[in-house]
Every structure is written in C-alpha cells, then in structure tokens.
Amino acid sequence: MKCFYCKGETVEALTKFVVDLGQCVLIVKDVPAHVCPQCGEASYSDEVAQRLEAIAGAVKESIMSEVAIVEYSQSVA
C-alpha cells in the first residue's frame, strides 16, 4: 500500500491514535495500521476506523479526566 502523502511503501504495524475530544485528549494504544516508514503517516482499515470512532464516542460520553488512555485490543466499543 502506498502512503497518501509521500507515496512511500507502508508496512503493517501497531501505532498510537491520538484525538482531541475538546475537554479530553484520547490516546488509543496498539492500533493496527499501515504506517509509512518515511513520513510516519498511518492509515487505518475501514473496520479499525469504525472501531476508533466507537471508542472515541464512548470516551466522550463518559469523560472522567483530561487524558484518557485506552488499549485498542482491550476496548469494548
């Protein structure tokens, strides 16, 4: 798979997904992705992107701190 930004060849790897939800920053660890070794850009499959959206929605509804750290493989969203 080619990188959308630099056109380098991506590799399958685990990465971190970080999103600012307004009142909370969410960090999801060990997310499966295609990562470009040249520029570091990560792209996600549709399934992974949908799960990340579900995780973000669940965290946004139950915010308990300014930073939430979730393990992708252990999330139930």
Side-chain angles (χ1 to χ4, degrees):
M1 178 176 196
K2 295 279 185 188
C3 176
F4 295 114
Y5 293 101
C6 74
K7 306 304 181 210
E9 194 65 38
T10 62
V11 295
E12 290 186 28
L14 297 178
T15 189
K16 292 181 189 81
F17 174 78
V18 180
V19 63
D20 186 344
L21 300 175
Q23 60 275 39
C24 176
V25 173
L26 169 63
I27 301 168
V28 184
K29 298 180 352 180
D30 296 331
V31 180
H34 288 272
V35 180
C36 178
Q38 289 186 78
C39 70
E41 184 63 31
S43 59
Y44 308 101
S45 69
D46 291 341
E47 179 183 301
V48 170
Q50 289 174 352
R51 187 161 175 196
L52 289 171
E53 285 183 26
I55 293 168
V59 168
K60 194 170 186 175
E61 288 181 11
S62 63
I63 293 177
M64 295 176 259
S65 66
E66 290 184 30
V67 177
I69 302 173
V70 178
E71 183 78 32
Y72 180 82
S73 64
Q74 296 177 358
S75 65
V76 292

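When a residue number appears, it is its place in the shown sequence, counting from 1. Just so it is clear, the values below take in all heavy atoms, side chains as well, and ignore hydrogens, waters and symmetry mates.
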Does a sphere of radius 6.0 Å around [atom1] in [X] hold more than 12 heavy atoms from other residues, nucleotides or ligands, not counting ones at 6.0 Å or beyond?
X	atom1	result
E66	CD	no
E71	CD	yes
D46	CG	no

Which heavy atom of [X] sits nearest to which heavy atom of [Y], and what is that distance?
X	Y	answer
D30	L14	O-CD2, 3.7 Å
L26	A56	CD2-CA, 3.7 Å
K60	L21	CE-O, 3.9 Å
P32	V48	O-CG1, 3.7 Å
C36	G8	SG-CA, 4.3 Å
K7	K2	O-CD, 3.4 Å

**Item:** side chain to side chain contact (heavy atoms under 4.5 Å, CB included) evaluation trace for V59 with V70
**Value:** CA-CA 9 Å; V59 168; V70 178; 4.3 Å; yes
**Request:** Could you tell me the separation between the SG atom of C3 and the NE2 atom of H34, rounded to the nearest 0.5 Å?
**Result:**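 One finds 12.0 Å between SG of C3 and NE2 of H34.
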**Message:** Any heavy-atom pair between the side chains of F4 and S43 that's under 4.5 Å?
**Reply:**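 Side-chain contact under 4.5 Å: yes.
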**Asked** Is there a side-chain contact between I69 and K29 (heavy atoms, below 4.5 Å)?
**Response**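 Yes; the side chains approach each other to less than 4.5 Å.
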**Asked** Which of these passes side-chain contact (heavy atoms from CB on, under 4.5 Å) with V28: V19, T15, L52, V18?
**Response**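 With V28 as partner, V19, T15, L52, V18 yield a single side-chain contact (heavy atoms from CB on, under 4.5 Å), made by L52.
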**Verdict with reasoning, Y44 to R51, per side chain to side chain contact (heavy atoms under 4.5 Å, CB included)** = CA-CA 10 Å; Y44 308 101; R51 187 161 175 196; over 6 Å; no
**Request:** Begin from the C-alpha positions of F17 and I55 and carry the test side chain to side chain contact (heavy atoms under 4.5 Å, CB included) through to its verdict.
**Result:** CA-CA 11 Å; F17 174 78; I55 293 168; over 6 Å; no
